[in-house]
Chemist: 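Okay, handing you the structure first.
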Amino acid sequence: MSDNRHSIGSLLGAAAARAVPVVRGVDERQLGGATPCSGYDVRELLNHFFDVVVNFTELAQKRPSAFAEKPDYLGTGDWRERFADEADRLVAAWSAPGAEDGTTGHADQPARVVGRMVLLDMTVHAWDLARATGQEFTPDPDAVDELAGVIGDMAPAARDAGMFDEPVEPRPEDDRFERLLAATGRDPHWA
């Protein structure tokens, strides 16, 4: 593993610090709106984002995930603050000693690879929600560096699993993050 700044826990902490304000900024009246994430409106994407955070917390602890269940995280209570709490749990789980060691998940993948998956979701879904709800979003540069270095390896399997659409051709002037979005099948200039 590289220095602590590039540990999954540290990277997720910086990504969560940028994602949580976006979730808090979603207005109830925006829940039916479209998003750049294919097949999801804002409400569905928020529920998916919650599900990712909750399940990847379990995976950090080498426990089974429950992705097959589809709870409505927005159904009761203050879902914005619950998301913040769940994001804190995710960061703590991936910051714990041993979280990046060994394997985890149903496919028994290297834990750091699984950690990069949730880092990608934390970064890209925050952008999706910000774009869909008219908010500003700037990703953590260290997260972008980490993900840009592995997106080429992650994308084919993610496409095969139906998690990514076909890549979008980036514009010559696109920055690293916009190219990362394009690799996931998103239009980085979606409006």
Chemist: As an exercise, state the distance from CH2 of Trp127 to CG of Leu180, rounded to the nearest 0.5 Å.
Modeler: 10.5 Å

Chemist: Quick one: does any side-chain atom of Arg179 pair with a main-chain N or O of Arg171 as donor and acceptor, under 3.5 Å?
Modeler: yes

Chemist: Quick one: are Trp190 and Leu181 in side-chain contact, heavy atoms under 4.5 Å?
Modeler: no

Chemist: For the residue pair Asp174 and His189, confirm or rule out a side-chain donor-acceptor distance under 3.5 Å.
Modeler: yes

Chemist: Could you measure the distance from the CG atom of Leu129 to the CZ atom of Phe49? Nearest 0.5 Å is fine.
Modeler: 6.5 Å

Chemist: Please determine whether side-chain contact (heavy atoms from CB on, under 4.5 Å) holds for the pair Phe137 and Arg131, giving the CA-CA distance in whole Å, both sets of side-chain angles, and the decisive distance to 0.1 Å.
Modeler: CA-CA 8 Å; Phe137 177 75; Arg131 190 54 66 108; over 6 Å; no

Chemist: Are more than 12 heavy atoms from other residues, nucleotides or ligands located less than 6.0 Å from atom CD of Glu28?
Modeler: yes

Chemist: Report the residues that fulfil salt bridge (charged side-chain N to carboxylate O under 4.0 Å, His left out) with Asp85, sequence neighbours left out, ordered by chain and then residue number.
Modeler: none

Chemist: Closer than 3.5 angstrom, by distance alone: can the side chain of Glu58 be matched with the main-chain N or O of Ala66 as a donor-acceptor pair?
Modeler: no

Chemist: Could you tell me whether a side-chain N or O of Gln30 sits under 3.5 Å from a main-chain N or O of Thr133, the two making a donor and an acceptor?
Modeler: yes

Chemist: Mind checking the OG1-CZ spacing from Thr138 to Arg18? Nearest 0.5 Å is all I need.
Modeler: 6.5 Å

Chemist: If you round to the nearest 0.5 Å, how far is CD of Glu44 from CG of Asp72?
Modeler: 10.5 Å

Chemist: Measure from the side-chain N and O atoms of Lys62 to the backbone N and O of Ala99, and report whether any donor-acceptor pair falls under 3.5 Å.
Modeler: yes

Chemist: Between Pro188 and Val168, what is the shortest heavy-atom contact and its length?
Modeler: CD-CG1, 4.4 Å

Chemist: To the nearest 0.5 Å, tell me how far Phe67 CZ sits from Asp51 CG.
Modeler: 6.0 Å

Chemist: Without placing hydrogens or testing angles, list every side-chain donor-acceptor pair under 3.5 Å for residues 152-160, not counting sequence neighbours.
Modeler:
residue	atom	partner	partner atom	Å
Arg159	NE	Asp165	O	3.1
Arg159	NH1	Ala155	O	3.4
Arg159	NH2	Ala183	O	2.7

Chemist: Spell out, as yes or no, whether a donor-acceptor pair under 3.5 Å connects the side chain of Thr35 to the backbone of Ala132.
Modeler: no

Chemist: So which heavy atom on Ala16 is nearest to which on Pro21, and how close?
Modeler: O-CD, 4.2 Å

Chemist: Can any side-chain N or O of Glu178 pair as donor or acceptor with the backbone N or O of Asp175 at less than 3.5 Å?
Modeler: yes

Chemist: Can I get a per-line list of side-chain donor-acceptor pairs under 3.5 Å for residues 114-125, giving both atom names and the distance, sequence neighbours left out?
Modeler:
residue	atom	partner	partner atom	Å
Arg116	NE	Glu146	OE2	2.7
Arg116	NH2	Glu146	OE2	3.1
Thr123	OG1	Leu119	O	2.9
His125	ND1	Asp128	OD2	2.9
His125	NE2	His48	NE2	3.2

Chemist: For the CG atom of Leu59 and the CH2 atom of Trp94, what is their distance to the nearest 0.5 Å?
Modeler: 6.5 Å

Chemist: Shortest non-hydrogen contact from His6 to Asp142?
Modeler: NE2-OD1, 4.0 Å

Chemist: Locate the shortest heavy-atom distance separating Leu45 from Tyr40; write the atom from each residue and the value.
Modeler: N-CD2, 3.8 Å

Chemist: Please find the pair of heavy atoms, one from Ala84 and one from Arg24, that lie closest to each other, and give the distance.
Modeler: CB-NH2, 3.5 Å

Chemist: Tell me the closest heavy-atom pair linking Val91 and Gly9, and the distance in Å.
Modeler: CG1-O, 3.7 Å

Chemist: Just do the side-chain contact (heavy atoms from CB on, under 4.5 Å) check on Phe56 and Leu12 with the steps written out, would you?
Modeler: CA-CA 11 Å; Phe56 276 89; Leu12 278 172; over 6 Å; no

Chemist: So Phe83 and Phe50, would you call those rings parallel, tilted or perpendicular, with 30° and 60° as cut-offs?
Modeler: perpendicular

Chemist: Report yes if the side chains of Tyr73 and Val53 come closer than 4.5 Å at any heavy-atom pair, otherwise no.
Modeler: no

Chemist: Test Asp41 against Arg43 for salt bridge (charged side-chain N to carboxylate O under 4.0 Å, His left out), laying out the working first.
Modeler: CA-CA 6 Å; Asp41 66 16; Arg43 180 184 192 85; over 6 Å; no

